[in-house]
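Side-chain atoms are counted along with the backbone in the values below, which use heavy atoms only and exclude waters and symmetry mates.
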Amino acid sequence: MREQQVAVVGDSALGFRYADHVALRVDDYDESLAFYTDKLGFQLVKEWTLGDAVPGVRFAYVRLGEFEIELIGDGQPSPAAAQNDLGDHLGRSGYIHLCLRVADLDKSVEELRGRGVTVFAEPFVVDPIGHRLAMIKDNSGNVIELAQAVAA
């Protein structure tokens, strides 16, 4: 795992250094690894299993810049409820999406469409935060928000 020199954040008594990764449970490990590396441009960092402790389940870290996702796949995952629109998506409890910042939202969305990525929510403006957003889905239905700051 990587170690980096960063300023301590949060309550220094707790020793938090930085957010390291988010884990996504995926339906098809190989397909998901290809989705994140081939379609989104993440780099494969490491793959592993936990052997008999969790038989049939595979793990990988994929990285984009300093951000990592831990993909957890295969085995017998419980199906998640379908998300048919933005209301369904935002109505769930728990972690619901991750966000990737982009330089040009329209260009990113069109490039992703060309790569066969499903656009879940077309670009829209959220004035209170000064961003344009769009949402895509990975091959397992996990939602990824794309965000671009808009000029004030």
*Asks:* Given the rule in the side-chain contact (heavy atoms from CB on, under 4.5 Å) test, do H97 and M135 qualify, once you have shown the distances and angles that lead to the verdict?
*Replies:* CA-CA 9 Å; H97 65 255; M135 301 208 180; 4.1 Å; yes
*Asks:* Is there a donor-acceptor pair under 3.5 Å between the side chain of S140 and the backbone N or O of D27?
*Replies:* yes
*Asks:* What's the spacing between D138 CG and I144 CD1 if we round to 0.5 Å?
*Replies:*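 These two atoms lie 5.0 Å from each other.
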*Asks:* Looking at OG1 of T49 and CZ of F59, how far apart are the two atoms once the value is rounded to the nearest 0.5 Å?
*Replies:* 8.0 Å
*Asks:* For the atom pair CG (L105) and CD (E122), what is the distance rounded to the nearest 0.5 Å?
*Replies:*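 These two atoms lie 9.5 Å from each other.
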*Asks:* Is there a donor-acceptor contact under 3.5 Å from the side chain of R115 to the main chain of K39?
*Replies:*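 Answer holds: yes.
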*Asks:* If only atom types and distance count, is the side chain of R132 paired as donor or acceptor with the main-chain N or O of Q148 below 3.5 Å?
*Replies:*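 Not at all, since once roles are kept as given, no pair shorter than 3.5 Å links the two residues.
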*Asks:* Starting from L44, can I reach V22 by hopping between I/L/V/M/F/W/Y residues whose side chains sit under 4.5 Å apart?
*Replies:* yes
*Asks:* Does the side-chain contact (heavy atoms from CB on, under 4.5 Å) test come out yes or no for N142 and V26, once each step is laid out?
*Replies:* CA-CA 8 Å; N142 295 304; V26 297; 4.0 Å; yes
*Asks:* Checking Y29 against E47: is there a side-chain donor and acceptor pair closer than 3.5 Å?
*Replies:*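 There is such a pair (donor and acceptor under 3.5 Å, judged by atom type) between the side chains of E47 and Y29.
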*Asks:* Using a strict 4.0 Å threshold on nitrogen-to-oxygen distance, state whether R113 and E110 make a salt bridge.
*Replies:*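 Salt bridge: yes.
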*Asks:* Angle between ring planes, Y61 versus W48, binned at 30° and 60°: parallel, tilted or perpendicular?
*Replies:* tilted
*Asks:* Working to the nearest 0.5 angstrom, can you tell me the gap between E68 CD and Q43 CD?
*Replies:*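 Nearest 0.5 Å value for the CD-CD distance: 10.5 Å.
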*Asks:* Could you walk me through whether L146 and R101 pass the side-chain contact (heavy atoms from CB on, under 4.5 Å) test, one step at a time?
*Replies:* CA-CA 6 Å; L146 306 175; R101 295 286 179 138; over 6 Å; no
*Asks:* Applying side-chain contact (heavy atoms from CB on, under 4.5 Å) to L40 and L64, what does each step give before you reach the verdict?
*Replies:* CA-CA 9 Å; L40 298 188; L64 182 67; over 6 Å; no
